[in-house]
Amino acid sequence: MEKVIGKVSATEKSPSTIDNFYFWTDKKQILSPFDIVKVEHEGQSVTYGVIEEISHVTDAPSHFTSYISSDFGDITPNIGNMNRLGMNYVKCSVAHNTKGIYTPVLNDQQVSLCNPDDIKAALGLSDEDVKNPLVCGYLQMYKGEEAIKVKVVLDSHFLIGPDGAHINVSGISGLAAKTSYSMFLLRAIQQKFRSDDNESVAFVFFNVKGRDLMAIDEPNNELPDEDKKIYTDKLGLNPTPFEHVSYYYPYGKDKLTAQTQSYAAPSDIKAQMSKGKAKAYKYTFDKCQDKLDLLLANEDDSTGTMESCVNYIINHEGNFKNIDKWSTFKDVVDECTKAGTNTGGKGEILVTSWRKFKRCIAKAINNDVFAKDILDGEVDICDEISNKLRKNQVMVIDIARLDENTQSFVFGSVARAIYDLKLGAERDDIPHKVILFVDELNKYASSDVPKNSPILRQLLDIAERGRSLGIILFSVEQFRSAIHDRVKGNCATAAYGRTNAIEVSKSDYRYIPKTYQNMMTRLSPGEYIISNPALRSLVNVRFPRPTYKQFPNG
């Protein structure tokens with residue numbers, strides 16, 4: 001029998017309602033926000049409550065009374081003129097009733113701690129509630145001898161479709177372990193669907209920081225035994241790294257970095273290439289004419305002048321016919337910037353517009369990834385997605401060392417290639433779901449990104465239509481409030497890591513109880529607050545350390 005810790009208290013000022021109730025408990029009883037308690041209710045039902053606030057009160061009417069009762073300010077422990085009566089009272093949010101009876105719980109009903117089955121029933125995590133279980137962490141409930149760990153499983157249909165899709169993960173850089181939690185979920189997905197022919201999944205990751213994700217198929221030899229035990233015993237997962245991984249490094253002419261632009265060690269890159277696991281990627285002009293708008297993703301083009309230049313080029317007008325090299329392209333653009341040049345016929349594009357266009361693209365296409373041709377061991381990344389992305393495969397694309405404009409171009413071209421794969425490719429082995437993982441989402445979908453940005457339009461389309469197409473977005477950023485409303489609004493799941501008080505004061509957090517907001521400012525690494533349509537309440541989950549190789553300082 002579960003431990004009884006108190007009784008419901010319904011007063012004139014703090015009555016029980018269909019949403020909340022209060023109970024008193026001993027001041028020595030250790031409880032925490034997110035802990036779950038249960039109360040016997042009408043019709044032999046049970047009401048479960050999630051703890052939101054805990055207060056301590058004594059019979060002293062004021063702080064001055066408390067001061068006087070301690071012999072007018074004597075700070076000696078346990079010395080005073082009188083012993084004050086004290087107790088804790090707790091506010092709970094009603095999460096669930098076992099028979100759907102949501103009338104207020106009654107005064108003086110006993111309040112008890114829960115066992116693991118109760119906790120699952122309260123949150124909608126029982127076998128009856130979760131038809132397609134996907135591990136997303138574990139709960140650590142209560143303290144001391146009463147402490148228990150409970151596996152948290154989400155219905156995968158509410159994370160990667162068809163019932164819901166996309167997840168947004170936010171939190172302060174470093175402390176919140178955003179990438180680690182995303183990788184934990186993604187590895188759990190790969191394990192779940194590795195042999196499922198009816199619901200196959202493929203993955204495309206962007207490495208945007210150092211060399212974080214450039215060895216995710218290599219084991220973490222420093223993974224503590226305690227974490228391994230959590231993987232196997234508590235979560236039912238194999239503590240092994242990702243499988244079927246291919247790495248793609250941006251081409252570079254520097255021989256010292258194995259002809260790539262990457263923070264990864266040249267010896268590691270060469271070893272991966274020798275095993276056929278890694279290639280360098282390039283962009284040739286003949287395959288990029290229809291992607292030139294992506295070079296302007298960070299430029300404000302409210303008048304549409306640069307868009308006119310792009311359309312002029314794509315339609316092979318003027319001297320832009322039969323161009324197959326970036327160098328020739330630059331020469332023709334340079335000709336258009338000269339005074340007296342007439343382009344566009346009746347709807348002439350002004351020379352000043354061509355000059356602005358040249359300034360915007362000149363720096364980007366000077367990067368080594370914009371090359372003349374593709375040689376052995378090198379690939380066009382869009383062709384790789386179109387022709388080689390299959391179930392269980394993980395493609396990791398390194399963009400960490402590229403400049404911001406080139407990063408945007410690579411991201412935009414890959415997102416577009418995934419979209420084209422799902423819409424029009426003629427292959428029998430196209431994965432049912434393609435998960436696109438992107439860190440630092442604020443670069444591509446913040447509220448400050450120009451509204452005409454083609455990458456923003458692509459992300460909005462994925463967020464709004466991706467579920468039906470099988471394109472799932474796993475996005476990460478430091479501050480959720482900075483992301484475009486239509487992107488985060490279409491993410492069925494939100495994961496909140498540690499953040500600061502300024503961030504939690506924003507409108508994105510107004511539906512979260514104040515106590516939980518305050519908790520967000522002191523969450524530990526390996527701890528997240530999760531919101532998902534299939535859960536009956538916000539859940540404070542924990543997860544073990546990553547199973548793949550970790551690099552010091554990222």
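A salt bridge does not link Glu477 with Lys488: none of the charged nitrogens is closer than 4.0 Å to a carboxylate oxygen. A salt bridge links Glu464 with Arg486: at least one charged nitrogen is closer than 4.0 Å to a carboxylate oxygen. Salt bridge Lys287/Asp383: present, at least one basic N to carboxylate O contact under 4.0 Å. Between Lys277 and Asp217 there is a salt bridge, since at least one side-chain N of the basic residue sits less than 4.0 Å from a carboxylate O of the acidic one.
When only modelled atom types and interatomic distance are considered, His244 and Gln190 share no side-chain donor-acceptor pair under 3.5 Å. Asn168 and Ser475 form a side-chain donor-acceptor contact under 3.5 Å, judged by distance and modelled atom types alone. At a cut-off of 3.5 Å, with distance as the only test, a side-chain donor of Arg187 or Thr240 sits close to an acceptor on the other residue. Using modelled atom types and a 3.5 Å distance limit, the side chains of Asn207 and Asp212 yield no donor-acceptor pair. Checked by atom type, the side-chain pair Ser447/His484 shows no donor-acceptor distance below 3.5 Å. With 3.5 Å as the limit, one finds a donor-acceptor pair spanning the side chains of Thr284 and Asp286. Donor-acceptor pairing under 3.5 Å is recorded for the side chains of Arg465 and Tyr419.
Here CD of Glu527 is found 7.5 Å from CD1 of Ile529. Values are rounded to the nearest 0.5 Å. The CD atom of Gln272 sits 10.0 Å away from atom OG of Ser246, with the distance rounded to the nearest 0.5 Å. The CD atom of Gln458 sits 9.5 Å away from the CG atom of Asp293 when rounded to the nearest 0.5 Å.
Contact between Pro513 and Leu538 at its shortest, heavy atoms only, is CD-CD1, 4.4 Å. Taking each heavy atom of Ile349 and Cys309 in turn, the nearest pair found is CG2-SG, 3.8 Å. Contact between Tyr548 and Met183 at its shortest, heavy atoms only, is OH-CG, 3.2 Å. Listed here is the closest heavy atom pair of Lys422 and Leu469: CE-O, 2.7 Å. Taking all atoms of both residues into account, the shortest heavy-atom contact from Ala400 to Asp398 is N-OD1, 3.2 Å. Considering every non-hydrogen atom in both Leu389 and Leu421, the closest pair reads CD2-CD2, 4.1 Å.
A heavy-atom distance below 4.5 Å is not found between the side chains of Val434 and Ile472. Between His432 and Phe193, the closest side-chain pair of non-hydrogen atoms is not below 4.5 Å. Val487 is listed as a side-chain neighbour of Leu473, based on a closest heavy-atom distance under 4.5 Å. Here the side chains of Pro219 and Lys549 are not in contact, with every heavy-atom distance at 4.5 Å or above. Taking 4.5 Å as the limit, some side-chain heavy atom of Ile435 sits within range of a side-chain heavy atom of Ile160. Between Asp380 and Ile374 there is a side-chain heavy-atom pair separated by less than 4.5 Å. A heavy-atom distance below 4.5 Å is not found between the side chains of Phe474 and Val438. You'll find the side chain of Leu185 reaches within 4.5 Å of the side chain of Cys136, heavy atoms only.
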Do Phe206 and Val414 pass the side chain to side chain contact (heavy atoms under 4.5 Å, CB included) test, and can you show the C-alpha distance, the side-chain angles, and the key distance before you say yes or no?
CA-CA 10 Å; Phe206 284 97; Val414 168; 3.6 Å; yes

Does the pair Lys325 and Asp373 meet the rule for a salt bridge (Lys or Arg N to Asp or Glu O under 4.0 Å), with working shown?
CA-CA 8 Å; Lys325 298 178 182 178; Asp373 47 28; over 6 Å; no

For Lys209 and Asp439, run salt bridge (Lys or Arg N to Asp or Glu O under 4.0 Å): C-alpha distance rounded to whole Å, both residues' side-chain angles, the deciding distance at 0.1 Å, then the answer.
CA-CA 9 Å; Lys209 294 180 295 187; Asp439 201 344; 3.3 Å; yes

Given Lys358 and Glu335, is the salt bridge (Lys or Arg N to Asp or Glu O under 4.0 Å) satisfied, shown in steps?
CA-CA 10 Å; Lys358 178 183 176 181; Glu335 286 293 323; over 6 Å; no

Run the numbers on Ile269 and Ser262 for side chain to side chain contact (heavy atoms under 4.5 Å, CB included), then give the verdict.
CA-CA 9 Å; Ile269 298 174; Ser262 176; 4.2 Å; yes

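Cation-pi geometry between Arg401 and Tyr263 is met: under 6.0 angstrom from the ring centre, within 45 degrees of the axis.
Not one N or O on the side chain of Lys279 forms a donor-acceptor pair closer than 3.5 Å with the backbone of Val379. Of the possible polar contacts, none joining the Thr406 side chain to the Leu402 backbone as a donor-acceptor pair under 3.5 Å is found. Side-chain atoms of Ser446 never come within 3.5 Å of backbone atoms of Lys443 as a donor-acceptor pair (strictly under, hydrogens ignored). Judged by distance alone, the side chain of Asn220 and the main-chain N or O of Pro546 form a donor-acceptor pair under 3.5 Å. One N or O on the side chain of Asn540 and one on the backbone of Tyr528 form a donor-acceptor pair closer than 3.5 Å. Using a distance-only test at 3.5 Å, with no hydrogens or angles considered, no donor-acceptor pair links the side chain of Asn315 to the main chain of Glu317. One N or O on the side chain of Asn311 and one on the backbone of Glu307 form a donor-acceptor pair closer than 3.5 Å. Put simply, the side chain of Glu243 never gets that close to the backbone of Pro241: no donor and acceptor are under 3.5 Å apart. Within the 3.5 Å criterion, the main-chain N or O of Leu456 finds a donor-acceptor partner in the side chain of Ser453. With hydrogens and angles ignored, the 3.5 Å screen pairs a side-chain donor or acceptor of Asn366 with a backbone N or O of Ala362.
Ring geometry for Trp326 versus Phe285: interplanar angle over 60°, hence perpendicular rather than tilted (30 to 60°). Taking the six-membered ring where the residue is Trp, Phe205 and Phe437 present perpendicular rings, their angle passing 60° and hence far from 30°.
Counting heavy atoms of neighbouring residues, nucleotides and ligands inside a 6.0 Å radius, atom CD of Glu199 exceeds 12 of them. For Arg416, the CZ atom sits in a packed shell: over 12 heavy atoms of surrounding residues, nucleotides or ligands are nearer than 6.0 Å. Within a 6.0 Å sphere centred on CG of Asp163, heavy atoms belonging to other residues, nucleotides or ligands number more than 12.
Residues Tyr248 and Tyr281 place their aromatic rings such that the two centres sit no closer than 6.0 Å. For an aromatic pair to be called close, the ring centres must be under 6.0 Å apart, and Tyr138 with Tyr231 fails this. Annotation: Tyr283 is not in aromatic contact with Tyr251 [ring centroid separation under 6.0 Å not met].
The stretch residues 386-396 participates, sequence neighbours left out, in these salt bridge (Lys or Arg N to Asp or Glu O under 4.0 Å) pairs: Asp197-Lys391, Glu384-Lys388, Arg390-Asp429.
Evaluation of the side chain to side chain contact (heavy atoms under 4.5 Å, CB included) rule for Asn532 yields Leu154, Phe158, Thr493, Ala534, Leu535 as partners, not counting sequence neighbours. Not counting sequence neighbours, the partners of Phe357 by the ring pair (Phe, Tyr, Trp, His ring centres under 6.0 Å) test are Trp354.
Put simply, the residue from Lys514, Arg480, Glu503 that forms a side-chain hydrogen bond (donor to acceptor under 3.5 Å, both in side chains) with Tyr509 is Glu503.
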